[in-house]
Amino acid sequence: MSSFYDKIYEVVKQIPVGRVTSYGAIAEYLGSKGGARMVGWAMNSAHNLKEHIPAHRVVNRNGMLSGKHHFPGENMMQELLESEGIIIINDQIQNFDDVFWNPVTELHHLL
DNA sequence: AGCCTGACCTAGG
DNA sequence: TCCTAGGCCAGGC
């Protein structure tokens, strides 16, 4: 019920298909640079919601699928991303710079 | 109320 | 370049 989480979900839902962003970028956009860990925590609670949150489009700053282990199955997160055209090798997004979506520059006038 | 933890990030050695 | 430590904030026990 915390507005912080709601904002996180709002941002995550804005991520276009085939694009990804990072925990830190979302936290920075929300004004809590050190709150990157909270973004991951929010994702942990996200599956509890009825609403579909594309948590698979959120990775760490290095473009690595650090949260894949929290998805059902082995490569669920990777398969979801690959189905959107993202290239992943060894849990690492290859064209990360191309698909990276920065909420700070894309949503600067929203929320 | 206090302590531990976590899907992170940055800085210093 | 790899490894360690600290900060950050909310939730669970």
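Chain identifiers are assigned alphabetically (A, B, ...) following the order of the sequence lines, protein sequences preceding nucleic acid strands; residue numbering begins at 1 within each chain. For the numbers below, each heavy atom of this structure counts, side chains included, while hydrogens, waters and symmetry mates do not.
Counting to the nearest Å, the P atom of B:dA7 and the CE atom of A:Met77 are 12 Å from each other. C:dC8 atom C1' lies 16 Å from atom CD1 of A:Ile26, rounded to whole Å. A:Met64 has its CE atom 8 Å from the P atom of B:dC8, to the nearest Å. Rounded to whole angstrom, the span from the CG atom of A:Asp91 across to the P atom of B:dA7 amounts to 14 Å. Atom-to-atom, CG of A:Asn44 to C1' of C:dA10 comes out at 12 Å; the value is rounded to the nearest Å. Computed from coordinates, the A:Trp41 CH2 to B:dT5 P distance equals 11 Å when rounded to whole Å. Computed from coordinates, the A:Glu28 CD to C:dC9 C1' distance equals 17 Å when rounded to whole Å. The separation between A:Ile53 atom CD1 and B:dA7 atom P is 19 Å, rounded to whole Å.
For DNA chain B, the residues of residues 66-76 of chain A within the heavy-atom distance limit of 4.0 Å (strictly under) are A:Ser66, A:Gly67, A:His70, A:Phe71, sorted by number.
The side-chain hydrogen bond (donor to acceptor under 3.5 Å, both in side chains) pairs that include a residue from residues 89-98 of chain A are A:Lys68-A:Asp91, where partners are two or more places apart or lie in different chains. Listed by first and then second residue, the side-chain hydrogen bond (donor to acceptor under 3.5 Å, both in side chains) pairs involving residues 35-53 of chain A are A:Lys13-A:Glu51 (not counting sequence neighbours).
Under the ring pair (Phe, Tyr, Trp, His ring centres under 6.0 Å) criterion, A:Phe71 pairs with no residue at all, not counting sequence neighbours. For the salt bridge (Lys or Arg N to Asp or Glu O under 4.0 Å) test, residues two or more places apart in sequence or in another chain that qualify with A:Arg57 are A:Glu84. Remark: A:Arg19 engages A:Ile15, A:Pro16, A:Trp101 in a side chain to side chain contact (heavy atoms under 4.5 Å, CB included) (not counting sequence neighbours). Scored by the side chain to side chain contact (heavy atoms under 4.5 Å, CB included) test, A:Ala46 finds A:Tyr9, A:Ile53 as partners (sequence neighbours excluded). Legend: residues meeting salt bridge (Lys or Arg N to Asp or Glu O under 4.0 Å) with A:Glu74, ordered by chain and number and at least two apart, are absent.
Listed here is the closest heavy atom pair of A:Asn60 and A:Ser66: CB-OG, 3.9 Å. Among all heavy-atom pairs drawn from A:Ala25 and A:Val104, the shortest one is O-CG2, 4.0 Å. Smallest separation of non-hydrogen atoms from A:Val59 and A:Phe96: CG2-CE1, 3.7 Å. Heavy-atom minimum distance, A:Val12 versus A:Pro54: O-CG, 3.4 Å. Considering all non-hydrogen atoms of both residues, A:Val11 and A:Pro103 come closest at CG1-CB, 3.9 Å.
Helical stems in DNA chain C, defined as runs of 3 or more consecutive Watson-Crick or G-U wobble pairs with both donor-acceptor distances under 3.5 Å, are listed by first residue as B:2-6 with C:9-13, B:8-13 with C:2-7.
Residues near A:Met64 contribute nothing to a hydrophobic cluster around it, because no ILVMFWY side-chain heavy atom sits closer than 4.5 Å to its side chain.
A:Ala55 comes within contact range of at least one nucleobase, with a heavy-atom separation under 4.0 Å. Note on A:Gly24: only backbone sugar-phosphate atoms sit closer than 4.0 angstrom, heavy atoms only; bases stay farther off.
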Under 3.5 Å, N/O pairs linking protein and nucleotides 1-4 of chain C:
none

I'd like a table of atom pairs between the protein and nucleotides 10-13 of chain B - only N or O on both sides, under 3.5 Å - with the distance next to each one.
none

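The structure places CD1 of A:Ile88 at 4.5 Å from CG of A:Leu65, a figure rounded to the nearest 0.5 Å.
Set against C:dG7, C:dA10, B:dA7, the side chain of A:Tyr5 has C:dA10 as its closest nucleotide.
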